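Only one structure is covered here, and it is reproduced in the block below.
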Amino acid sequence: MSRTKASRDRLLGPWMTLALVIGGVVGSGIFYLPVALAPLGASVPIGWLISGIGVMALAYCASRIVSAEGGGLQAYVEHELGPTAGFLVTWITWNSSWIGNPAVALATAAALGRIFPGLADHLEALSFMFMVIVTAVNMRGIRAAGELNFVTVLIKILPLAGVIVIAAALGFGGAHLQKIDAPAPSFGNIATASALCLWALTGFEFSLAPVGKIRDPQRNLSRALVVGLATIAIGYLLATLALSLIIPNASIAKSIAPFPDAIGLYGGEVAAMLAAAAMAVSAFGTLNVSLMGTGEMLFSMGLRGDMPRYFSRTNRFNAPYAAQLMSAAVGCVLLGLNAAKETAQLFTFMTLFAADAVLYLYSAAAIAAMLKDRKPATTLACLIGLAFVLFAFYGSGLEAFLLSLGLVVLGGAIFLIRKPWTSRPAEVVPAAPLE
């Protein structure tokens with residue numbers, strides 16, 4: 001096999017790229033989200049509609065800035081908005097990612113605790129183990145991470161599909177379905193529901209992170225972003241509505257794992273355990289994509305000399321091992337801090353902040369798309385996306401917004417002083433040419 005052919009075979013094709021988008025979004029969030037949404041009643045479908053339209057508009061904008069060379073998130077933004085904007089959005093997205101990774105690892109461990117109650121006292125240790133395993137997989141390169149992600153995507157959709165099938169069977173069978181119209185919609189509840197739904201729809205930015213590792217990214221990645229987000233948004237809406245039709249919202253609000261509980265109600269305890277196992281696999285798969293994307297972002301900053309050149313090092317699998325190890329290490333440190341009970345509230349807030357920080361990337365992608373692709377459809381999508389970002393900032397609260405803004409200011413300071421301690425930028429490794 002020629003070197004060019006071997007390099008090409010290590011790239012992600014259309015199906016694995018689509019799985020990368022879906023794998024980054026569908027994780028632990030959707031499985032626990034109904035607990036927070038249940039008290040909001042009739043505001044939930046409206047919140048899903050607003051978030052779905054907003055995120056779809058932002059995903060479309062992101063698809064318009066993907067370039068043929070596949071230079072990654074920083075390069076896509078930098079092409080249209082300049083190096084300062086490219087660094088800042090990559091910097092803040094990298095920080096939001098490594099801060100959020102421990103929460104995903106804990107969600108994986110918690111899902112296993114639903115199956116094996118004895119593990120409940122060892123969640124932190126299990127979370128460390130998952131972080132180490134996923135980092136080891138990512139050291140084998142993008143292809144190995146993509147294959148693991150493809151398998152987990154196939155498994156993680158099963159609980160969502162299960163509740164939809166149960167609700168449809170009950171409805172067509174004339175069975176009694178629960179009411180979901182109380183309390184009535186209100187502006188405050190709609191804003192809260194939209195912010196919560198946004199949290200479950202974030203993650204597609206990880207598919208923008210790989211540098212030179214997606215085959216024909218202008219076609220495959222662009223299509224995967226639009227198709228993937230549309231599929232996820234529709235699936236989430238149907239799954240959460242179906243869950244509320246199966247069991248009362250009051251019961252959902254008190255549940256630890258509402259999807260397994262609903263499936264177990266009609267399929268028995270074995271079915272509930274299988275659903276909980278699928279939840280664990282889902283969170284594990286998202287951790288895989290998230291850690292991969294986090295490493296690729298630090299790798300990108302290292303390539304350009306915005307971070308120490310050490311982080312631009314790769315191994316024989318073309319995996320950015322230095323950036324991967326650093327990103328996993330800081331996540332493990334935060335996970336260790338969470339083991340101290342007095343830091344639990346801080347950790348919870350930081351995960352909320354992590355979701356809020358991604359909005360800067362979405363804003364930059366929307367503006368860059370409007371500048372690059374001056375078509376009416378793109379301009380409309382940009383305006384819808386930016387309006388949604390403002391609404392999401394409002395829903396997330398002032399404290400999270402100010403903290404994320406402080407991170408932007410810190411990134412700006414680092415960008416200004418970076419040259420004395422970084423060498424000249426390295427060349428970005430391009431994707432292998434198509435045959």
Side-chain angles (χ1 to χ4, degrees), residues 18 20-38 40-64 153 156-157 159-161 163-164 167-168 180-181 185-208 222-245 249 252 259 282 286 355-356 358-359 361-363 365-366 369 377-396:
L18 178 61
L20 184 66
V21 173
I22 296 175
V25 177
V26 182
S28 58
I30 183 58
F31 296 111
Y32 297 102
L33 183 61
V35 176
L37 290 175
L40 303 178
S43 297
V44 173
I46 303 175
W48 272 121
L49 183 63
I50 293 174
S51 289
I53 293 174
V55 173
M56 271 301 303
L58 293 168
Y60 176 78
C61 291
S63 75
R64 306 310 299 167
V153 163
K156 66 173 60 179
I157 62 176
L160 304 177
V163 296
I164 294 174
I180 58 174
D181 57 352
S186 68
F187 182 81
N189 282 350
I190 291 173
T192 301
S194 298
L196 289 170
C197 294
L198 167 66
W199 177 59
L201 288 169
T202 58
F204 70 83
E205 63 274 6
F206 295 123
S207 64
L208 296 168
S222 296
R223 290 179 179 178
L225 282 167
V226 175
V227 174
L229 263 294
T231 303
I232 293 167
I234 294 171
Y236 276 7
L237 174 61
L238 293 177
T240 52
L241 289 179
L243 184 67
S244 295
L245 292 171
N249 279 336
I252 295 175
F259 280 92
S282 178
T286 299
D356 189 78
V358 175
L359 293 173
L361 164 62
Y362 295 167
S363 302
T378 303
T379 300
L380 178 61
C382 173
L383 295 176
I384 292 174
L386 290 176
F388 172 68
V389 165
L390 293 175
F391 188 64
F393 271 131
Y394 167 77
S396 64

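Quick caveat: nothing in here was measured; it's all calculated off a predicted structure.
Pairs passing the side chain to side chain donor-acceptor pair (under 3.5 Å) check and including a residue from residues 229-245, sequence neighbours excluded, read W48-T240, S244-N249.
When each of L160, V55, I157, L201 is paired with I232, the side-chain contact (heavy atoms from CB on, under 4.5 Å) condition holds for L201 and for no other.
Atoms CG and CG, on L386 and L359 in that order, are 11.0 Å from each other to the nearest 0.5 Å. Remark: L243 CG to L238 CG distance equals 12.5 Å, nearest 0.5 Å. Rounding to the nearest 0.5 Å places CD1 of I384 at 12.5 Å from CD1 of I50. Here C197 contributes atom SG and I190 contributes atom CD1; the two are 11.5 Å apart, rounded to the nearest 0.5 Å.
Between P45 and L237 the shortest heavy-atom distance is CA-CD1, 4.4 Å. For the residue pair P185 and S43, the shortest heavy atom distance occurs at CA-OG, 3.2 Å. Closest of all the heavy-atom pairs between A381 and A57 is O-CB, 3.4 Å. A pairwise comparison of heavy atoms in P34 and I252 identifies O-CG2, 3.4 Å as the closest pair. In terms of heavy-atom proximity, G235 sits nearest to I164 at O-CD1, 4.2 Å. For the residue pair C61 and A369, the shortest heavy atom distance occurs at O-CB, 3.3 Å.
Using bins of under 30°, 30° to 60° and over 60° for the plane-to-plane angle, the ring pair F187/Y394 lands in the tilted bin.
Looking only at side-chain heavy atoms (C-beta outward), V389 and L58 come within less than 4.5 Å of each other. Counting heavy atoms from C-beta outward, C382 and Y60 have side chains that stay 4.5 Å or more apart. Counting only heavy atoms from C-beta outward, the side chains of F259 and V163 approach each other to under 4.5 Å.
Distance alone, capped at 3.5 Å, is enough to place a donor-acceptor pair between the S51 side chain and the S194 backbone.
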